[in-house]
2 protein chains.
Amino acid sequence: MLTIKEIAEMANVSRSTVSRALNNSGYVSEDAMERIKKVIAETGYAPSEHAKSLRTKRTKVIGVILPTIQTETSSKIVAGIDKELSTQGYQILLANTNLDKAKEIEYVDLLKARQVDGIILVATNTDPLLLKKIKGLTIPIVIIGQEMEGLVNVLYDDYHASRELTSFLIEKGHRKIAFIGVDEEDRAVGFLRKKGYKDEMIAHKLSIEPAWIQKGIFDIDSGRQAMDQIWTTSQNKPTAAFAVTDRLAIGALSFLKDHKISVPEQMAIASIGASEISQYVDPPLTTIDYQNEKAGKEAAHQLLTNIGTKAAIKKIILDYRLIIRDSV
Amino acid sequence: MLTIKEIAEMANVSRSTVSRALNNSGYVSEDAMERIKKVIAETGYAPSEHAKSLRTKRTKVIGVILPTIQTETSSKIVAGIDKELSTQGYQILLANTNLDKAKEIEYVDLLKARQVDGIILVATNTDPLLLKKIKGLTIPIVIIGQEMEGLVNVLYDDYHASRELTSFLIEKGHRKIAFIGVDEEDRAVGFLRKKGYKDEMIAHKLSIEPAWIQKGIFDIDSGRQAMDQIWTTSQNKPTAAFAVTDRLAIGALSFLKDHKISVPEQMAIASIGASEISQYVDPPLTTIDYQNEKAGKEAAHQLLTNIGTKAAIKKIILDYRLIIRDSV
DNA sequence: CTGTTAGCGCCTTCAC
DNA sequence: GTGAAGGCGCTAACAG
């Protein structure tokens, strides 16, 4: 590997001068600058970022911990993060947990060892152990998607979005509304969205049958199964269903289609996510857009402003908007 | 930051002993080992990967250059890469080009500077400049999706997949088949898939009207526009269309639906991609599954075997399979 | 404007 | 079994 020393020799200057030229810090004569540039161009020399980081303590790398990259939500968030970071010359080091909570903690350590300049955590839970580990960190961290006390959070407004969506269904005349959720350990998606639904139902004095509430994981098939459960076990069949993610809704749709249950006539469907595909399924889905890319961008922005300074505690709650389509 | 020196002092041993304990290289007495472990547990010390890399020349990081992360194809590839790499303790450093060819080259340099142990390039073109840059690399690199002479390639069988899909449409009785492609600079998706289509048509002595061949970019809307063009400008309307990606097909579907043109009766649609959603659109899409996750895994596997050894030149052509659904 | 020097934190001989 | 010493490639005073 080519080092600064060899470049210096070839250009007949000292290493410091090359370094100065490289970082354009301090004075370098035009003459020297030219010779150095020439040598670099000829050799294709690239200074070792590791040696640099070792000296400067900065890496220009941000660690991104996420539960999976196989969802549109995640990729949009990452795209948003990247968009913001790349303008400042930062890169992303991926840490994919595959929904394994232990790995979440492990990766915090690994990223610390790699001395990333900051971490963005796309969280699915608010485990105390994780929280504790994070609080011990000296580098800035931003949490997306779950509220963690005392940290910088970029949050979706799960509770209100959920209430609004439920309210919309009620407005449309529905009284019997089913709910397809996920595990409540995921406080944002599991707990808050369910609470929003329940509270809105209660506010309208509408009762909820136990069979109407089903739980899936984050995939299409479990949405299908949930709707199957709802449809086959409900004494009193609901006329609408609220799924906490588009995928769950799409699964539900697929069950209904196969059983010739018409949407929205016999069963209306609404969800949260606004995935690209939500408008191309049959019928197009009424859904809430969370603007995930913006979330990523915002998180990256917050992180960058916190690098080098003491992290301000901050809670950023993002906007959402209801997209009304034919499924309701 | 905590360093090995401080750990050594706290454990009453020398830095070398700590280092040995950390890497379990050489002999360390049980006694010393225990003290060191205790101190590390108490302090949460994590050795600096940069200092390590500077010495050992290995980073346990792989650079992944991709055109975008906002497609299912990309995220599946990355997921596959990650699955394989993480078993060996490697991590991914992302380099997103946003389809900017200049950045592709730039990122090769950047990753080199970061001294990644290897690079996986998800390629969209075979630009000579890029090729030249790559050939100058001393670290292993694996190319996914485009054939580049003299390198390790993981390829989809675009030409044959395309012929087979066209052949399938012909078998189903179609004689007038339209084609929605992309720019041919993308040799795999643009050129080869088109060639497969054309050759198969010719092999069956079927003629192609110019208006049947349209071009889009990689999004849904351009598929819609392409079908619009086909439908409105064809003198002799086709009875089927082959779109080179699922998204393009979904766009086409959406146009047809809005214009009450029934699928597959008036117009059959088939495509390549087998995206998760392809089975939930209306009607479900006949498509070819390329197994992108496997591509990523395979690429990562090849890369890992090439680290440390002289890279064998290799061409791995992946399997595909036709998924027949109601759109044809 | 330029060169000398001293580490950054770690691993790795080489003695002991 | 363990420690001392040197150096990976770079930057940042400091002296000229």
Side-chain angles (χ1 to χ4, degrees), chain A residues 1-37 39-40 43-61 89 109-117 138-139 308, chain B residues 1-37 39-40 43-61 109-117 138-139:
Chain A
M1 221 192 64
L2 225 40
T3 75
I4 200 173
K5 195 178 149 212
E6 305 170 69
I7 302 300
E9 281 164 8
M10 293 169 82
N12 258 311
V13 289
S14 74
R15 292 174 310 174
S16 345
T17 305
V18 177
S19 174
R20 277 191 287 264
L22 247 26
N23 304 293
N24 40 92
S25 55
Y27 299 96
V28 179
S29 65
E30 268 188 38
D31 190 40
M33 184 63 109
E34 222 156 275
R35 290 203 313 275
I36 293 169
K37 280 201 169 147
V39 172
I40 290 177
T43 56
Y45 163 74
S48 156
E49 291 293 330
H50 294 294
K52 238 160 124 166
S53 300
L54 190 57
R55 271 291 333 215
T56 61
K57 306 290 171 222
R58 306 184 62 241
T59 56
K60 288 269 182 176
V61 172
D109 271 329
L110 185 53
L111 292 176
K112 193 172 105 189
R114 292 206 187 280
Q115 283 166 250
V116 294
D117 290 343
T138 56
I139 49 171
Chain B
M1 220 193 67
L2 227 40
T3 75
I4 199 172
K5 195 178 150 213
E6 304 169 70
I7 302 299
E9 280 164 10
M10 294 170 80
N12 257 311
V13 289
S14 73
R15 293 174 310 175
S16 340
T17 306
V18 178
S19 174
R20 277 190 287 262
L22 248 26
N23 304 293
N24 41 84
S25 55
Y27 298 96
V28 179
S29 66
E30 268 187 38
D31 190 37
M33 184 62 108
E34 222 157 274
R35 289 202 315 276
I36 293 169
K37 279 204 169 143
V39 172
I40 288 177
T43 56
Y45 163 73
S48 155
E49 292 291 331
H50 293 294
K52 240 159 123 166
S53 300
L54 189 57
R55 275 283 338 212
T56 61
K57 306 287 168 226
R58 306 184 62 243
T59 57
K60 288 267 182 178
V61 172
D109 271 328
L110 184 54
L111 291 176
K112 193 172 106 189
R114 292 205 187 279
Q115 283 166 250
V116 295
D117 290 344
T138 56
I139 49 171

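Values reported hereafter were calculated over all heavy atoms of this structure, with side chains retained and with hydrogens, waters and symmetry mates removed.
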How long is the line joining NE2 of A:H50 and P of C:dC11, in whole Å? 14 Å

Could you state the atom-to-atom distance from CD of A:E34 to P of C:dC1 in whole Å? 14 Å

Please report, rounded to the nearest Å, how far the P atom of D:dG7 is from the CE atom of A:M1. 17 Å

Find the distance B:E49:CD to D:dC8:C1' and express it as a whole number of Å. 15 Å

Describe, as an angle rounded to 10 degrees, how the axis at the first end of the helix from C:dC1-D:dG16 to C:dC16-D:dG1 is tilted relative to the axis at the last end, five pairs per end. 40°

Under 3.5 Å, which N/O atoms of the protein pair with N/O atoms of nucleotides 12-16 of chain C?
residue : atom : partner : partner atom : Å
C:dT12  : O4'  : B:R55   : NH2          : 3.4

Donor-acceptor under 3.5 Å (A:H50 side chain, B:R114 main chain): yes

Among C:dT2, D:dC10, C:dG9, which is the nearest nucleotide to the side chain of A:K57? C:dG9

Starting at atom CD1 of A:I36, determine the distance to atom C1' of C:dC1, rounded to an integer number of angstrom. 12 Å

Would you say the side chain of A:P47 lies within less than 4.5 Å of the side chain of A:Y45, judging by non-hydrogen atoms? yes

Distance in angstrom units between A:R58 CZ and D:dC10 P, rounded: 18 Å

Is any side-chain heavy atom of B:K52 closer than 4.5 Å to one of B:S48? no

Nearest-nucleotide pick for A:Y27, side chain only, options being C:dC10, C:dT2, D:dC10: C:dT2

Write down the distance between CD1 (B:I40) and P (C:dC10), rounded to a whole number of angstrom. 10 Å

Nearest-0.5 Å distance, OG1 of residue A:T43 to CG of residue A:L2: 5.0 Å

Please check if the side chain of B:E34 supplies one atom and the backbone of B:D31 the other of a donor-acceptor pair under 3.5 Å. no

Backbone of A:K5 reached by a side-chain donor or acceptor of A:R15 within 3.5 Å: no

Pair B:T17-B:S14, side-chain donor/acceptor within less than 3.5 Å: yes

Could you tell me whether the side chain of A:Q115 reaches within less than 4.5 Å of the side chain of A:S53, counting heavy atoms only? no

Interatomic spacing from NZ in B:K112 to CG in B:D109 - rounded to 0.5 Å: 5.5 Å

It should be established whether A:S14 places a side-chain nitrogen or oxygen under 4.0 Å from OP1 or OP2 of nucleotide C:dG3. yes

Nucleotide nearest B:V13 when distance is taken to its side chain, options C:dC10, D:dT2, D:dG3: D:dG3

From CZ of B:R35 across to C1' of D:dG1 the rounded distance in Å is 12 Å

Options C:dG3, C:dG9, D:dC10, nucleotide nearest the side-chain atoms of A:S48: D:dC10

